[in-house]
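Just so it is clear, the structure is predicted and the values come from calculations on it, not from any experiment. Worth knowing before you read on, the calculation uses all heavy atoms, side chains too, and leaves out hydrogens, waters and symmetry mates.
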Amino acid sequence: GRDVGLNDDGAINQNVGVGFNALLSNTSGANNTANGANALRSNTTGGNNTANGYSSLYSNITGNNNTANGDSSLYSNTTGSQNTANGYEALYSNTTGDINTATGYQALFSTTTGAENVAVGANALRENITGQSNVAVGHGSLRGNTIGIANTGIGTLSLNSNISGSQNTAIGLNTLR
């Protein structure tokens, strides 16, 4: 695509870019794969990243070892590393959070600096901002959690209304809602 790797330093970085402005700002980042318009667009030195989908990992600058699959997944990530986002806008707001896994439509959408979270299901841990070490499995599980730590919600809408509570466990449909 047009302007792929436009700013590359010319060294053998072993990057692959396909799509308009993919890897546009990359200078010395190595071993990156960007598929889709604006994928890894802002990346400069980040390495070992994989971005598949329109604007996936768009804002990444120095983050390493991230995987983003889906339109705008990990869109706001700048320096966060070792994150995995699968689905439309999964981990969309993450900037510096590390070791997060989000699978599903807008899973972990609002997380900015939260770390070590796992969200599986549409809107799972959607409102999480700084909470860490949470596990949410099921549609809307722990959706309202913003700062809570070490919560586990398994089942549709489990712990859905928890905002700041920590170390809670809920298993089953609508439990501790």
For the [atom1] atom of [X] and the [atom2] atom of [Y], what is their distance to the nearest 0.5 Å?
X    : Y    : atom1 : atom2 : result
N86  : S73  : CG    : OG    : 7.5 Å
L108 : N123 : CG    : CG    : 11.0 Å
I129 : T113 : CD1   : OG1   : 8.5 Å
N31  : N48  : CG    : CG    : 5.0 Å
F109 : Y88  : CZ    : OH    : 8.0 Å
N128 : S110 : CG    : OG    : 8.0 Å

Hey, does the side chain of [X] reach the backbone of [Y] with a donor-acceptor pair shorter than 3.5 angstrom?
X    : Y    : answer
S133 : I149 : no
N32  : V16  : no
S25  : R41  : yes
N65  : N83  : no
T78  : T95  : yes
S55  : S72  : no
N26  : G29  : yes
H139 : A122 : yes

Can you name the closest pair of heavy atoms from [X] and [Y] and give their distance?
X    : Y    : result
L176 : A170 : CD1-CB, 3.8 Å
A102 : A107 : CB-O, 3.6 Å
G114 : T111 : N-CG2, 3.5 Å
S56  : N52  : OG-N, 3.3 Å
I147 : S164 : CG1-CB, 3.6 Å
A22  : A34  : CB-CB, 4.0 Å

**Study point:** Option among N94, N49, N43 that satisfies the side-chain hydrogen bond (donor to acceptor under 3.5 Å, both in side chains) test with N77
**Key:** N94

Practice item. Decide yes or no on side-chain contact (heavy atoms from CB on, under 4.5 Å) for N15 and T33, but give the supporting numbers first. Key: CA-CA 6 Å; N15 294 304; T33 303; over 6 Å; no

Practice item. Would you please say whether a donor-acceptor pair under 3.5 Å links the side chains of S141 and S158? Key: yes

Review point. Do E89 and Q106 have side-chain atoms, one donor and one acceptor, less than 3.5 Å apart?
Key: yes

**Study point:** Test side-chain contact (heavy atoms from CB on, under 4.5 Å) applied to N160 and L142, step by step
**Key:** CA-CA 4 Å; N160 184 44; L142 275 160; over 6 Å; no

Check your understanding: Any side-chain heavy-atom pair from N38 and Y54 closer than 4.5 angstrom?
Key -> yes

Practice item. Please step through side-chain contact (heavy atoms from CB on, under 4.5 Å) for the pair Q82 and D98, ending with a clear verdict. Key: CA-CA 6 Å; Q82 299 175 13; D98 296 324; 5.6 Å; no

Point to revise | Qualifying residue for side chain to side chain contact (heavy atoms under 4.5 Å, CB included) with L125, from N134, L159, N151 | key: N134

Review point. Among T79, N66, T44, L74, which residue meets the side chain to side chain contact (heavy atoms under 4.5 Å, CB included) test with N60?
Key: N66

Practice item. Look at atom CD1 of I163 and say whether more than 12 heavy atoms of other residues, nucleotides or ligands are closer to it than 6.0 Å. Key: no

Review point. Out of curiosity, does Y58 fall in the hydrophobic cluster containing Y92 (side-chain heavy atoms, cut-off under 4.5 Å, transitive links)?
Key: yes

